[in-house]
Amino acid sequence: TDGNLYGLTCMGGPGDYGTIFRFNPTTNVLTPLASLNGTDGYGPFGSPIQASDGNLYFTTVGSSICKYSFTTHTLTKRATTYGQPETNLVQLSNGFMIGTGIPNEIFVYNPADDSSDLIISFPNDIIYGNDPGSFTLASDGTLYGLCRSGGIFGEGTIISYNPATNILTKLYNFKDSSGRIPYGNLIQAINGKLYGMTNLGGASNNGVIFSYDPAQHIFAKLFDFNGFYSTDGAVPEGDLLRASNGLLYGLTSGGGINNVGALFSYDANASSY
């Protein structure tokens, strides 16, 4: 809310346990704010979220939930998680935060009393998937996410979790031609559909852009990345971002004219890459 950008490094700092930093886009000044010390956690892989109390919260692969206070300018461990999270927390309207851990945990954190509880440990990776990414809170109040592996074909799944009913549902199994191994997270566009990318699979086995309509329960492959040394790019990683112009933007780790990645946009309304 202060107009700055905040992020995490999974390594670095005095003990090489990771840091939290601020970047001012107006002045182009990068400021390290705090370093993890191993006791409070290590290896934060996701991004911090600004919660309703104004502070930043994030998880670490050291199975901790950390808080950075803007009042005291200090970093503290608040709770222990379940599994090893490499993802972002999502805050619900009741203030609770939902997170995921590897290999197959969903947990809840209450910042009011710093308590954390295991909600679900997937009973079978063939049914639900494995290695869940961050959840996306959609307009229908349901959380949607991607599993990088598992499912019927072992190549990832789309799942949903309803916090009101505590029901976990598998919505789709990825398989070769439709894309496989979804590394990033989902994003909801203005049309209500969820959009994401897979790291591999598709026509050239270099990843795809896809959509999932939660209202109609329809999956659609929208675009196949052509491959290395193609102008389109190959092997996308990370998330799509919806910009103020309505377009979706993303990055590939390979491909492009120089075969070192590409920046692209996708128009969901015109189905144009």
Keeping the roles fixed (side chain from [X], backbone from [Y]), state whether a donor-acceptor pair exists under 3.5 Å.
| X | Y | answer |
| --- | --- | --- |
| Q91 | S52 | yes |
| N185 | S134 | yes |
| N110 | A112 | yes |
| S64 | D40 | yes |
| Q50 | T1 | yes |
| S69 | T71 | yes |

Fill in: Option among T169, T100, N166 that satisfies the side chain to side chain donor-acceptor pair (under 3.5 Å) test with Y161
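Testing each of T169, T100, N166 against Y161, the sole residue satisfying side chain to side chain donor-acceptor pair (under 3.5 Å) is N166.
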
Practice prompt. Kindly determine whether D232 and F223 satisfy side chain to side chain contact (heavy atoms under 4.5 Å, CB included), including the steps that lead there.
Written response: CA-CA 10 Å; D232 293 335; F223 181 80; 3.7 Å; yes

Item to complete: Would you please test L248 and F264 for side chain to side chain contact (heavy atoms under 4.5 Å, CB included) and show each step?
Response: CA-CA 8 Å; L248 302 177; F264 66 86; over 6 Å; no

Worksheet item: When Ile, Leu, Val, Met, Phe, Trp and Tyr are grouped by side-chain heavy atoms lying under 4.5 Å apart, directly or through other members, which residues fall in the same group as Y172?
Response: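 Via sub-4.5 Å side-chain contacts, Y172 links to Y144, L146, I158, L171, F174, L186, L194, V208, F210, Y212, F219.
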
Practice prompt. Step through the shown structure and confirm whether more than 12 heavy atoms of other residues, nucleotides or ligands are within 6.0 Å of NZ on K175.
Written response: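 Count not over threshold, so no.
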
Fill in: Within 6.0 angstrom of L222 CG, more than 12 heavy atoms from elsewhere
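Buried by this count: over 12 neighbours within 6.0 Å.
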
[X] side chain to [Y] side chain, donor-acceptor N/O pair below 3.5 angstrom:
| X | Y | answer |
| --- | --- | --- |
| D113 | S115 | yes |
| Y109 | D114 | yes |
| N199 | R148 | no |
| E155 | S149 | no |
| T19 | T9 | yes |

Worksheet item: For the residue pair Y6 and F70, does the interplanar ring angle fall in the parallel (under 30°), tilted (30 to 60°) or perpendicular (over 60°) class?
Response: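 Y6 and F70: perpendicular rings.
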
Practice prompt. Evaluate side chain to side chain contact (heavy atoms under 4.5 Å, CB included) for I49 paired with F58, printing each intermediate quantity in order.
Written response: CA-CA 7 Å; I49 66 164; F58 61 90; over 6 Å; no

Worksheet item: What's the verdict on side chain to side chain contact (heavy atoms under 4.5 Å, CB included) for F225 and L200, showing C-alpha distance, side-chain angles and the deciding distance?
Response: CA-CA 9 Å; F225 290 95; L200 297 171; over 6 Å; no

Worksheet entry | Matching residue for F107 among I98, I120, I65 - test: side-chain contact (heavy atoms from CB on, under 4.5 Å) |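 Single side-chain contact (heavy atoms from CB on, under 4.5 Å) partner of F107 among I98, I120, I65: I65.
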
Worksheet item: Quick one: which of L75, T74, N55 gives a side-chain contact (heavy atoms from CB on, under 4.5 Å) with K67?
Response: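 Looking at L75, T74, N55, the match for K67 under the side-chain contact (heavy atoms from CB on, under 4.5 Å) is N55.
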
